[in-house]
Amino acid sequence: MRNKLIEIEKSKKVDILFACESGSRAWGFASPDSDYDVRFIYSKSLDWYLSVSERKDTIDIMDGDFDGVGWEIKKQLKLLMNSNIPALEHLFSPIIYKGNDDFISEIKEIGLECFSPIASMFHYLSMSKKYQEKLTNDHIRLKDLFYALRTSLAGKWILENNSLPPVIFEKMLSLVHRDSENMIRDLMEIKSKEKESYLHAKNKEVVKLISATIDENNKYAKTLSSGNADSERINSFLFKILTNDND
């Protein structure tokens with residue numbers, strides 16, 4: 001992975017400040033054929049910022065099982081200010097490929113300050129409802145089941161803890177009863193051995209749990225609080241990163 005990141009830096013003329021694994025490998029329920037969903041934050045040379053024209057602030061690379069997406073640091077910080085869940089989740093991935101400790105520590109603090117329970121809940125609700133629609137047949141993809149589970153339990157975590165949900169899926173299983181937890185763990189074991197296209201007989205109890213959790217999240221979503229982004233701190237952080245990178 002290190003060589004791949006160096007290749008991106010050279011070909012795109014960027015400095016990668018942070019890179020992590022996202023998706024099922026980071027969540028802890030990958031299939032044998034899961035892609036490597038690498039997400040990274042980068043900066044450009046100072047002259048790139050000294051322009052009145054809007055410039056492309058993302059990098060997208062598909063190369064075999066490597067699915068890479070990068071966000072320019074200013075774009076990343078704007079997303080954090082809006083409590084963008086993917087931008088937040090990436091910072092807390094358990095699989096970090098690159099990143100200075102000081103940079104990671106400070107941007108995590110900024111992310112948690114920006115975290116908005118209500119905005120995040122509506123993101124998870126939207127995603128969980130999307131995947132719930134794929135769970136109607138007698139045989140379903142375990143990938144769809146786990147995406148619905150993860151997003152619905154993430155909403156439940158926000159309701160109960162008023163904090164950013166853990167990226168590692170297993171850490172949210174404390175939210176469900178032991179019988180449900182055991183069923184979910186059994187399905188995780190199966191998913192770890194089967195390809196993403198594999199269809200499994202629908203576990204009606206787990207699907208029922210997802211539906212009940214979504215209903216509960218939907219009921220209380222509007223009661224949650226918003227975030228508290230500190231724009232002055234974020235601007236100072238951005239200035240520090242850009243000036244340090246261009247010394």
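Nothing fancy with the numbering, it's 1 onward along the sequence.
- Considering all non-hydrogen atoms of both residues, Thr213 and Leu209 come closest at OG1-O, 2.7 Å.
- No continuous path of hydrophobic side-chain contacts links Ile168 to Phe29 [ILVMFWY only; heavy atoms under 4.5 Å].
- Contact detail for Leu153 and Phe169: the closest heavy-atom pair is CD1-CE1, 3.9 Å.
- Side chains of Glu194 and Ser31: no donor on one and acceptor on the other come within 3.5 Å.
- Of the inter-residue distances, the one linking Trp48 atom CH2 with Lys74 atom NZ reads 8.0 Å to the nearest 0.5 angstrom.
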Side chain to side chain contact (heavy atoms under 4.5 Å, CB included) between Asn228 and Glu113: does it pass, once the steps are laid out? CA-CA 6 Å; Asn228 185 31; Glu113 287 176 359; 5.9 Å; no

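- Of the candidates Lys193, Arg185, Lys191, Lys193 is the only one forming a side-chain hydrogen bond (donor to acceptor under 3.5 Å, both in side chains) with Glu189.
- Between the CD1 atom of Ile41 and the CD atom of Gln76 there is a distance of 3.5 Å, given to the nearest 0.5 Å.
- Defined by atom type and a distance below 3.5 Å, a donor-acceptor pair is missing between the side-chain atoms of Asn84 and Lys78.
- What you find for Val167 and Pro94 is that their closest heavy atoms are CG1-CD, 3.9 Å.
- Although no hydrogens or angles enter the test, the distance criterion places no donor-acceptor pair under 3.5 Å between the side chain of Ser180 and the main chain of Val176.
- In this structure a side-chain-to-backbone donor-acceptor pair under 3.5 Å is present from Asn217 to Ser152.
- Under the 3.5 Å distance criterion, the side-chain polar atoms of Asn161 are left unmatched by any main-chain donor or acceptor of Ser163.
- Under a hydrophobic-cluster definition in which Ile, Leu, Val, Met, Phe, Trp and Tyr are linked whenever side-chain heavy atoms come within less than 4.5 Å, directly or via other members, Ile190 and Leu149 are assigned to the same cluster.
- Put simply, the side chain of Arg25 gets close to the backbone of Asp35: a donor and an acceptor are under 3.5 Å apart.
- Without hydrogens or angle criteria, Asn100 side chain to Asp102 main chain gives a donor-acceptor distance under 3.5 Å.
- Under 4.0 Å is where a charged nitrogen must lie from a carboxylate oxygen, and between Glu106 and Lys240 at least one such pair does.
- With rounding to the nearest 0.5 angstrom, the OG atom of Ser43 is 6.5 Å from the CG atom of Leu242.
- Judged by distance alone, the side chain of Asn235 and the main-chain N or O of Ser231 form a donor-acceptor pair under 3.5 Å.
- Counting heavy atoms from C-beta outward, Asp215 and Asn218 have side chains that stay 4.5 Å or more apart.
- Around NZ of Lys108, the count of heavy atoms belonging to other residues, nucleotides or ligands within 6.0 Å exceeds 12.
- No side-chain donor-acceptor contact under 3.5 Å links Tyr147 and Gln132.
- In this structure, Ile8 is not a member of the same hydrophobic cluster as Ile6, with clusters built from ILVMFWY side-chain heavy atoms closer than 4.5 Å.
- Atom CG of Asp101 has 12 or fewer neighbouring heavy atoms from other residues, nucleotides or ligands inside a 6.0 Å radius.
- Nearest approach of Lys4 to Asp63, heavy atoms of both residues: NZ-OD2, 2.6 Å.
- The side-chain heavy atoms of Asp15 and Tyr42, taken from C-beta on, include no pair separated by under 4.5 Å.
- Arg233 places a side-chain heavy atom less than 4.5 Å from the side chain of Glu109.
- A distance-only check finds no donor-acceptor pair linking the side chain of Asn162 to the backbone of Pro117 [under 3.5 Å].
- Note that Lys44 lies outside the cation-pi zone of Tyr49, set by a 6.0 Å cut-off to the ring centre and a 45° limit from the axis.
- In this structure, Ser93 contributes its side chain and Glu89 its backbone to no donor-acceptor pair below 3.5 Å.
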Can you list the steps and then say if Met183 with Glu205 is a side chain to side chain contact (heavy atoms under 4.5 Å, CB included)? CA-CA 9 Å; Met183 284 189 284; Glu205 290 302 313; 3.7 Å; yes

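- Side-chain contact between Val38 and Ser22 is absent, with no heavy atoms from C-beta onward closer than 4.5 Å.
- Between the side chains of Asp47 and Ser45, at least one donor N or O lies within less than 3.5 Å of an accepting N or O.
- The main-chain N or O of Tyr124 is found under 3.5 Å from a side-chain atom of Ser128 such that the two form a donor-acceptor pair.
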Test Arg39 against Glu21 for salt bridge (charged side-chain N to carboxylate O under 4.0 Å, His left out), laying out the working first. CA-CA 6 Å; Arg39 301 296 178 259; Glu21 186 67 37; over 6 Å; no

Does the side chain to side chain contact (heavy atoms under 4.5 Å, CB included) test come out yes or no for Leu125 and Met121, once each step is laid out? CA-CA 6 Å; Leu125 265 174; Met121 171 63 88; 4.2 Å; yes

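- A pairwise comparison of heavy atoms in Phe115 and Leu88 identifies CD1-CD1, 4.1 Å as the closest pair.
- For the atom pair CD1 (Ile140) and CG (Asn137), the distance works out to 8.5 Å, reported to the nearest 0.5 Å.
- A salt bridge links Glu181 to Arg178: at least one charged side-chain nitrogen sits closer than 4.0 Å to a carboxylate oxygen.
- For the pair Leu238 and Ile73, the minimum side-chain heavy-atom distance is below 4.5 Å.
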Under the salt bridge (charged side-chain N to carboxylate O under 4.0 Å, His left out) rule, what do Glu72 and Arg55 come out as? Steps first, then yes or no, please. CA-CA 10 Å; Glu72 184 273 321; Arg55 298 193 175 191; over 6 Å; no

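- Here the closest non-hydrogen pair linking Cys114 and Ser83 is O-CB, 3.6 Å.
- Counting heavy atoms from C-beta on, the side chains of Leu80 and Ile107 come closer than 4.5 Å.
- If you chain together hydrophobic residues whose side chains sit under 4.5 Å apart, Ile210 and Leu187 fall into the same group.
- Side-chain atoms of Lys98 come within 3.5 Å of backbone N or O of Ile16 as a donor-acceptor pair.
- Evaluated for a ring-ring contact (aromatic ring centres under 6.0 Å, His included) with His90, the options Phe40, Tyr97, Trp71 yield exactly one hit, Trp71.
- Side-chain heavy atoms closer than 4.5 Å link hydrophobic residues (I, L, V, M, F, W, Y) into clusters, and following such links, even through other members, never connects Leu79 to Ile118.
- A donor atom on one side chain and an acceptor atom on the other are not found under 3.5 Å apart for Ser226 and Ser116.
- Between the side chains of Lys56 and Thr58, at least one donor-acceptor pair of N or O atoms lies under 3.5 Å.
- Side-chain contact check for Leu224 versus Leu159: some heavy-atom pair is nearer than 4.5 Å.
- A ring-centre distance under 6.0 Å is not found for Tyr36 and Phe66.
- Heavy-atom contacts from other residues, nucleotides or ligands closer than 6.0 Å to CD of Glu160 number more than 12.
- Separating the OH atom in Tyr220 from the NZ atom in Lys156 is a distance of 10.5 Å, to the nearest 0.5 Å.
- To the nearest 0.5 Å, the span separating CH2 on Trp157 from CG on Leu164 amounts to 10.0 Å.
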